[in-house]
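Note that the numbering runs from 1 along the sequence shown for the chain.
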Amino acid sequence: MTTKAIKPTLTNPLDPPEKVEFNIPGEISRATGGYEEAMKEGWDLIQRPIRSVAIDQIEKQHSKRRMTVWERIRVLTDKEPNVLFQNWGRNLDGASLVTGILNIRGRDVACYGHDFTVRAGSMDATNGSKLARLFRLAGEKGIPLIGMNDSAGAYVPAGVGGLDGYAEAFTALRKISGVVPSIMCMFGFNAGGGSYLPRQGSFVIQPADTFFGLTGPGVVKSVLGEDITPEDLGGPKVHGASGVADLTTIDELAALRQAVRLLAYLPDNNSVSAPYQETSDPLDRKTWEINTLLKKAFNSPTGFNTPFDVSIIIQQVCDYGDYFEIQPGRAREVVTAFGRLGGHVVGFVANNSAVGSGQIDCDTALKIARFVRFCNIYNIPIIFMEDTTGFLPGREQETRGIVQAGRSMLDAIVDVRTPRILLILRNAFGGAYASYNNYPTGADLVLALPTTRLAVMGPAGKEFVYKDELRKIRAAVAEHVKKGVQQRTSAGMDGDQAKKDAEKEAAEWLKQQEAVLNRRYEKELMNPKEGLALGSISALVMPTDLRKVLGENIQFLMRHYRPCPMTGPQREFH
């Protein structure tokens, strides 16, 4: 028995060797010459990027649960890719990056991917030129972009050439930002320029067991003396919570499939609308589930203060309940998502009372601003669903800059030019209402449910509306305590105990009186009546009619909207 180790191979030894002929089928050829030799050399060059990589390198990639760039392309499309710029220089310059045009579900999509089996996917000057050329091509032809990033960074032996390559790619990608949408998938271990480049894209998708960041754990250890794992420094949990990554997935396959699914909601460029998709889901379908949700929530012991998950409402409104949430792991007080309503792609921005009463903090405001700006650039109508008690107060928020973050949200909403509707679900208080797509900030239509509580302030507003009555009630507390003490001491109760009991009884009485004023405040002021009377609300909608009313109005607004690039002055803050 031989003791020689068997080297595994990816080829089937029983397959007949592939033979490529360069003659016309049926042609009887004489002696071959220079032409056939040139054809053979050309064929070898075409196949070289795929076939010349050592099997060991492919196996090493697979052992890390990663695909090769060619396998990733096959996940994105079953059509043959149109590979561009097949550079394979004497020193492998340009070989570690693949660029091409893919046909994904009938759409042309520019695509690039680092080939980690060659130079660890590192960047040199030739790669930078290839990337820049691809980005410019995408912008000129108006087609979306998908990037598959799996790179060790700049190629060190290339010296400054690798840095120049990144700089050229940075510049070209920035030039097409806002012209065509881009989706960036993060694979492997990316640092420095390998992180900055993809984050210039519209959306970043990061699977598990990957890293990207300014520097790796080794640099952090040497500079700061801090031991930290790649997962805790720049893994999907970190970036998913901060918003650096818009989506996180369990593996590469899921990331690529999410990219294809997300692409279906995006337009080719800023001059057209997102793809319209016919639906057999009736637009007048009754949304009974929304009625059931609100009924159970508001008839519970906590009444109109009961939280509920707003994503259920989005699901019921969308065609067949299908929607695509963006940044689901960040700032859960708001849900931002793409969906289809009557075939049209719509962006949803909805306060989520199931988390923190739907209050708007720094992260929430920036999440809203980012999503709204994208929809505005790419001609996507927006439906705002409001249910918030306001901006989150406190020292931490002020320290983090809630004023600037809130301003960013308001600026993004004021600048919207696409069709937009506001639906008030329940709470719409104070500054949150004033900055959340109402008529004065440019809404095309404002609708409300009968459960709407529109007011300058929440229940605390009774302190200002009924201040005289409250002053009298609170002034009477001392008299209640005095009478209570007298009654108890005359009945033979100990003096200290009589005082404690009397104070407790007076506190309960005060609580009851304030509750009466709370209910009175809610009935008189926390309702949609004044908003309807002033024209701040156009109409009330029953929960069961939400899909019909929203869908018909989106169709009307889109019939009269002409998609085009944004124009006008560039604002100082964005």
Reported [atom1]-to-[atom2] distance for the pair [X] and [Y], which is rounded to 0.5 angstrom:
X: Q327; Y: L247; atom1: CD; atom2: CG; answer: 8.5 Å
X: R373; Y: D415; atom1: CZ; atom2: CG; answer: 9.5 Å
X: L293; Y: I312; atom1: CG; atom2: CD1; answer: 5.0 Å
X: L550; Y: I421; atom1: CG; atom2: CD1; answer: 5.5 Å
X: E386; Y: N438; atom1: CD; atom2: CG; answer: 8.0 Å
X: N379; Y: S271; atom1: CG; atom2: OG; answer: 7.5 Å

Crowding at [atom1], [X] (>12 non-hydrogen neighbours, <6.0 Å):
X: R105; atom1: CZ; result: no
X: K64; atom1: NZ; result: yes
X: R257; atom1: CZ; result: no

>> Within 45 degrees of the ring normal and closer than 6.0 Å to the centroid, is that where the cationic atom of R453 sits relative to F429?
In response: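 Checked: cation-pi criterion not met.
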So which heavy atom on [X] is nearest to which on [Y], and how close?
X: P419; Y: M558; result: CG-SD, 3.8 Å
X: M566; Y: I377; result: SD-CG1, 3.6 Å
X: C375; Y: G347; result: SG-CA, 4.2 Å
X: C111; Y: L76; result: SG-CD1, 4.1 Å
X: I537; Y: L447; result: CG2-C, 4.3 Å
X: S195; Y: A191; result: OG-CA, 3.8 Å

State, yes or no, whether a side-chain contact exists between [X] and [Y] at a heavy-atom distance under 4.5 Å.
X: D361; Y: F391; answer: no
X: L454; Y: P528; answer: no
X: V204; Y: V244; answer: no
X: V75; Y: L253; answer: yes
X: D232; Y: K237; answer: no
X: Y112; Y: M184; answer: yes
X: V317; Y: I290; answer: yes
X: D227; Y: K221; answer: yes

> Checking side chain to side chain contact (heavy atoms under 4.5 Å, CB included) for the pair Y561/R417: CA distance, chi angles, key distance, verdict?
Replying inline: CA-CA 10 Å; Y561 176 74; R417 69 205 168 95; 3.4 Å; yes
Between [X] and [Y], is there a donor-acceptor pair closer than 3.5 Å when you use the side chain of the first and the backbone of the second?
X: R330; Y: D246; answer: no
X: T287; Y: E289; answer: no
X: R426; Y: F304; answer: yes
X: N149; Y: C185; answer: yes
X: T388; Y: G358; answer: yes
X: T441; Y: V414; answer: no

Do NZ/NE/NH1/NH2 and the carboxylate oxygens of [X] and [Y] come within less than 4.0 Å?
X: R66; Y: D209; answer: no
X: R332; Y: D363; answer: no
X: D268; Y: R107; answer: yes
X: R261; Y: D322; answer: yes

>> Quick one, D319 with R547, criterion salt bridge (charged side-chain N to carboxylate O under 4.0 Å, His left out). Give me CA distance, side-chain angles, the key distance, then yes/no.
In response: CA-CA 9 Å; D319 296 346; R547 174 174 164 81; 2.9 Å; yes
Is it the case that the side chains of [Y] and [X] hold a donor-acceptor pair, with the cut-off being a distance below 3.5 Å and no angle test?
X: T306; Y: T302; result: yes
X: S311; Y: D309; result: yes
X: E333; Y: N352; result: no

>> For V69 and D150: C-alpha separation, side-chain torsions, deciding distance, then whether side chain to side chain contact (heavy atoms under 4.5 Å, CB included) applies.
In response: CA-CA 9 Å; V69 64; D150 187 1; over 6 Å; no
> Please walk me through it: do I360 and V334 pass side chain to side chain contact (heavy atoms under 4.5 Å, CB included)?
Replying inline: CA-CA 8 Å; I360 301 172; V334 68; over 6 Å; no
> Taking the inter-plane angle between the rings of F371 and F338 on a 0 to 90° scale, is it parallel (under 30°), tilted (30 to 60°) or perpendicular (over 60°)?
Replying inline: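 Tilted.
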>> Can you tell me which residue among F348, Y433, Y436 is in a ring-ring contact (aromatic ring centres under 6.0 Å, His included) with F384?
In response: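 It is Y436; the other options fail the test.
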>> Could you walk me through whether M148 and L256 satisfy the side chain to side chain contact (heavy atoms under 4.5 Å, CB included) test, starting with their C-alpha distance in whole Å, then the side-chain angles of each, then the deciding distance to 0.1 Å, before giving a yes or no?
In response: CA-CA 9 Å; M148 299 179 291; L256 292 167; 3.9 Å; yes
> Between F203 and F374, does a ring pair (Phe, Tyr, Trp, His ring centres under 6.0 Å) hold up when you go through it step by step?
Replying inline: CA-CA 10 Å; F203 301 99; F374 180 87; 4.8 Å; yes
